[in-house]
Amino acid sequence: MKKVTFTPIGVIRTPFKTRDDAPIQPSRAEGARGTVEIRPDLAEGLEDLDGFSHITLIYHLHLSKSFKLKVIPYLDDVPRGVFATRAPRRPNQIGVSVVRLIKIEGTVLHIENVDMLDGTPLLDIKPYVPGFVDQAEVRSGWLEDALRRDKKKK
Ligand SMILES: C[S@@+](CC[C@H](N)C(=O)[O-])C[C@H]1O[C@@H](n2cnc3c(N)ncnc32)[C@H](O)[C@@H]1O
């Protein structure tokens with residue numbers, strides 16, 4: 001297959017310096033604030049984004065250098081296919097997080113509920129629109145039991 005290369009559109013700044021520090025998902029990162037610094041040449045592309053309460057960030061999990069096709073995910077002790085997990089070590093190290101957009105100041109986006117490491121290269125931003133997601137009969141596979149067990153522990 002032909003290689004695909006991307007140039008980051010910016011960088012994500014968060015309080016998390018090591019992988020162990022970072023929350024596992026935005027839903028577990030309540031109140032964790034960060035910023036997104038967008039390249040000045042792309043500033044015009046931010047117009048109208050301020051009307052959205054949440055945005056989807058697509059980024060390079062740049063510190064993941066290797067992967068396994070079966071992983072024991074957080075929340076489980078059974079090996080799962082990597083594509084059935086959100087594990088950061090995957091064949092293409094792409095991360096996706098829906099975060100809360102607090103405000104935009106120039107080319108700096110202030111965001112909340114961040115689960116990525118400081119310095120993570122940002123590849124794209126999309127507005128989060130629940131109405132674009134088909135919600136009919138959503139199933140969450142092995143995570144349904146895992147999340148139920150996790151909830152009980154608290
Ligand atoms: C389970 S992943 C989920 C990432 C994203 N929300 C997703 O679902 O694609 C989150 C973990 O990835 C790790 N991580 C975050 N940023 C990273 C980066 N830039 N490079 C490598 N690992 C990273 C941290 O250990 C964090 O707890």
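Keep in mind the model is a prediction, meaning the values are calculated, not measured.
A salt bridge links D76 with R80: the closest approach of a Lys/Arg side-chain nitrogen to an acidic carboxylate oxygen falls below 4.0 angstrom.
At least one donor-acceptor pair under 3.5 Å links the side chain of R86 to the backbone N or O of V96. Checking side-chain atoms of S140 against main-chain N and O of L143 turns up no donor-acceptor pair under 3.5 Å. Under the 3.5 Å distance criterion, the side-chain polar atoms of W142 are left unmatched by any main-chain donor or acceptor of V78. Panel note: side chain T107, backbone P40; no donor-acceptor pair is recorded below 3.5 Å. Side chain of D50 to backbone of K103: no donor-acceptor contact under 3.5 angstrom is found.
Tracing side-chain contacts under 4.5 Å through hydrophobic residues (I, L, V, M, F, W, Y), one never reaches I102 starting from I12; they form parts of separate clusters. In the hydrophobic cluster analysis, where Ile, Leu, Val, Met, Phe, Trp and Tyr join through side-chain heavy atoms closer than 4.5 angstrom, L122 is grouped together with L49. Hydrophobic cluster membership differs between F83 and L75, with clusters built from Ile, Leu, Val, Met, Phe, Trp and Tyr side chains linked at under 4.5 angstrom. Placement of I104 and Y128 in two distinct hydrophobic clusters is found when ILVMFWY residues are connected by side-chain heavy-atom separations under 4.5 Å, directly or transitively. With hydrophobic clusters built from ILVMFWY side chains whose heavy atoms lie under 4.5 angstrom apart, I9 does not share a cluster with I94.
Between Q93 and H62, the closest side-chain pair of non-hydrogen atoms is not below 4.5 Å. For the pair L109/L101, a side-chain contact is recorded, criterion being any heavy-atom separation below 4.5 Å from C-beta on. Taking the side chain as every heavy atom from C-beta outward, T85 and R90 approach each other to under 4.5 Å. In this structure the side chain of I125 never reaches within 4.5 angstrom of the side chain of T56, judged on heavy atoms. Within the 4.5 Å cutoff, the side chain of P15 has heavy atoms near those of the V114 side chain. Side-chain contact between T120 and V11 is absent, with no heavy atoms from C-beta onward closer than 4.5 Å. Between L61 and Y59 there is a side-chain heavy-atom pair separated by less than 4.5 Å. M116 is listed as a side-chain neighbour of L57, based on a closest heavy-atom distance under 4.5 Å.
The closest side-chain donor-acceptor pair between E105 and H110 falls under 3.5 angstrom. With 3.5 Å as the limit, one finds a donor-acceptor pair spanning the side chains of S66 and R89.
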(request) Could you give me the CA-CA distance, side-chain angles and deciding distance for T7 and R39, then say whether side-chain contact (heavy atoms from CB on, under 4.5 Å) is met? (result) CA-CA 11 Å; T7 303; R39 277 179 15 217; 3.7 Å; yes
(message) Using side-chain contact (heavy atoms from CB on, under 4.5 Å), reason through L46 and I38 one step at a time and then give a plain yes or no.
(response) CA-CA 9 Å; L46 294 173; I38 301 294; 4.1 Å; yes
(message) Could you walk me through whether V98 and I55 satisfy the side-chain contact (heavy atoms from CB on, under 4.5 Å) test, starting with their C-alpha distance in whole Å, then the side-chain angles of each, then the deciding distance to 0.1 Å, before giving a yes or no?
(response) CA-CA 6 Å; V98 176; I55 53 177; over 6 Å; no
(request) Please assess L117 against R19 for the test side-chain contact (heavy atoms from CB on, under 4.5 Å), listing each intermediate value before the final yes or no. (result) CA-CA 7 Å; L117 294 175; R19 274 174 273 208; 3.8 Å; yes
(message) The test is side-chain hydrogen bond (donor to acceptor under 3.5 Å, both in side chains); show your working for S97 and D115 and say whether it passes.
(response) CA-CA 8 Å; S97 299; D115 66 337; 2.6 Å; yes
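Nearest heavy atom pair, residue F16 against residue A22, reads CG-CA, 3.8 Å. Across every non-hydrogen atom of P88 and S64, the tightest pair is O-OG, 3.0 Å. The two residues L123 and F6 make their nearest non-hydrogen contact at CD2-CB, 3.9 Å. Smallest separation of non-hydrogen atoms from R28 and I24: CG-CG1, 3.9 Å. Closest of all the heavy-atom pairs between L69 and P91 is CD2-CG, 4.2 Å.
At most 12 heavy atoms of other shown residues, nucleotides or ligands fall within 6.0 angstrom of atom CZ in R100. When the shell of 6.0 Å around CG of D41 is examined, it contains more than 12 heavy atoms from other residues, nucleotides or ligands.
Within the structure, salt bridge (charged side-chain N to carboxylate O under 4.0 Å, His left out) pairs that include any residue of residues 120-147 comprise D124-K126, D145-R148 (at least two apart or interchain).
In this structure, CZ on R13 lies 12.0 Å from CD1 on I111, to the nearest 0.5 angstrom.
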